[in-house]
Amino acid sequence: MNREPGTKVYRYAVLTRVSHWFWVVAFAVLVSSGLQIFNAAPYLDASDKSSPTHRVFAIGSPSDGVGTTELFGHTFTTTGWLGWTDDGMGGKTARAFPGWITIPAYQDLADGRRWHLFFAWIAAACWLGWLVSSAIKGNLREIVLRPSDLPKLWPMQAYYFKLRKEPPPHGTYNPLQKAAYTTILFVVAPLVVLTGLALSPGVDAIAQPLTWFFGGRQFARLWHFTAMLLLLGFFAVHTFQVATQGIINQLRSMITGWYRLGDHDGVGP
Amino acid sequence: MNRRLFIATGISSALTACSPIGTALNDNAGFHHFLGAAQSLNHAVIGTRGLAREYSERDIDWNFRVNGLPTPTDATYEQYVADHFRSYRLVVDGAVERRGAYTLDALRAMPQVTEITRHDCVEGWSAIGKWSGVRLGDVIDAARPRADARYVVFHCMDRDDQGTPYYESLDLHEAHHPQTILSLRLNNADLDPDHGAPVRLRVPTQLGYKSAKWVKRIEVVGSYANLYSGHGGYWEDQGYEWYAGI
């Protein structure tokens, strides 16, 4: 195979591209409807049942016009951003996350759940469908971090920090990409799905060890929220990378499948 | 224009577009209905299987959180409280062969079960209580549901500020779950008015709004479509799922 820079290679199969964009939509909906749901009980406890003595995070409004956020016992004034925010109907009110970031914009737990419990299926289907299909086709090994990649992690980071002129030789994905994708696909995605399921009293009755494993229902809520933050962090780094590493080529390849190889791009695992 | 600034602007506008687009779709009746399709999937996949976790005495919330519609204040309920519910009757009727009207003492004379289970509110919080009472399945079986019976509807004494009464429903399978009980006691004492006295349904395998307080009548029906707004419960009529296992 020609690996010369400038060569176009067919990098992303139809399933990869379709599941990628479905996942983008599902993730956006799940975060905004999830924050809507969070607003109904805007606190997270590291315990099975709700317990103010185990409270890790809380958003509140101690008085009209004031919003506060409490993290590990430290209280911050967050008026306008968290606690006292946009009510989604043109006014301000005592509300944890603002209307401009929730679905629907106004406070409505029933509809937030409706969106969340629908798109949870889409996100889970994209993740599992892609994982199974890639494992069957064999190209999962291009993206999974393996022990031989470990010594290359720092050199790759050094390259990003401009401490090194050349990145270490690698295949389709560089060692840091492999580390990030492996963590997301095999740690964070299962965590977000399982902690979500652990919140359901019906699932808890079927699989009691699941909710117990996460420390109980309220603790599972805390893990679910944390997994969301990790996914948001990945999303931020991922979009930054896409935006700075040849955005046209990157976007086109995730739409048409064809990717133009850069100076250091390899092909294969 | 700086390309990075352009990209950053593009991404942030895409992010801030989520809520308005989602809100517009949410207000579209067809799309709203379409989203509800996941409910039957959740019901089919999760359903009512297995047993809710049971806890030990030390896990109990002795000051159990009071939530839901306000405690009834009408003359009938005041009278019940005044005479310690001696004039209260739990009516069982509808698609049954043997209608019933139970006094509190009659319910107390039936086999009692005690369970320490977690109450999971749809809002997100949880509390643990010790509930004692009668298996709902025993009461339903005693009434001998007819062949056309499918659901059990709970009519309650509480009303919202519009005067709409609270009600809930379960299917016969859920009604026969061993942990689904008509609780008479909470945390070693008879239920007090704020916690649903004299009879509160407890469904630990589903979210808290299924666990109706102040139950006065159990109606066995073939369909709940002609009751109130037709969705099988007070909160269901306001958009919450009938299947509350998730």
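Chain identifiers are assigned alphabetically (A, B, ...) following the order of the sequence lines, protein sequences preceding nucleic acid strands; residue numbering begins at 1 within each chain. The analysis underlying the following values was restricted to heavy atoms, covering all of them including side chains, and did not include hydrogens, waters or symmetry mates.
Contacts between A:R114 and chain B at a heavy-atom distance below 4.5 Å involve backbone atoms as well as side-chain atoms. The parts of A:W100 that come within reach of chain B are both its backbone and its side chain, each placing non-hydrogen atoms under 4.5 angstrom from that chain. With a 4.5 angstrom heavy-atom cutoff, B:T205 touches chain A via backbone and side-chain atoms both. In this structure, chain A has heavy atoms under 4.5 Å from both the backbone and the side chain of B:L25. Looking at A:F38, neither its backbone nor its side chain comes within 4.5 Å of chain B, counting heavy atoms on both sides. For chain B, the nearby parts of A:I206 are the backbone and the side chain; heavy atoms of each come within less than 4.5 Å. Looking at A:S33, there are no atoms closer than 4.5 Å to chain B (heavy atoms on both sides), in backbone or side chain.
Remark: A:F118 CZ to B:F31 CZ distance equals 6.5 Å, nearest 0.5 Å.
With 3.5 Å as the limit, one finds no donor-acceptor pair spanning the side chains of B:Y240 and A:D111.
Contacts between residues 50-58 of chain B and chain A, counted as heavy-atom pairs separated by less than 4.5 Å, involve B:G50, B:L51, B:A52, B:R53, B:Y55. Along residues 45-53 of chain A, the residues that come nearer than 4.5 angstrom to chain B, judged on non-hydrogen atoms, are A:D48, A:K49, A:S50 in order of number.
Judged as a salt bridge (Lys or Arg N to Asp or Glu O under 4.0 Å), and not counting sequence neighbours, the contacts of A:R217 are B:D120. Annotation: side chain to side chain donor-acceptor pair (under 3.5 Å) contacts of A:R95 (sequence neighbours excluded): A:T102, A:Q107.
Put simply, the side chain of A:T211 reaches to within 4.5 Å of the side chain of B:R118, judged on heavy atoms.
Atom CG of B:N63 has 12 or fewer neighbouring heavy atoms from other residues, nucleotides or ligands inside a 6.0 Å radius.
Nearest approach of A:G202 to B:Y243, heavy atoms of both residues: CA-OH, 4.4 Å.
A side-chain donor-acceptor contact under 3.5 Å links A:Q218 to the backbone of B:G124. At least one donor-acceptor pair under 3.5 Å links the side chain of B:T23 to the backbone N or O of A:A105.
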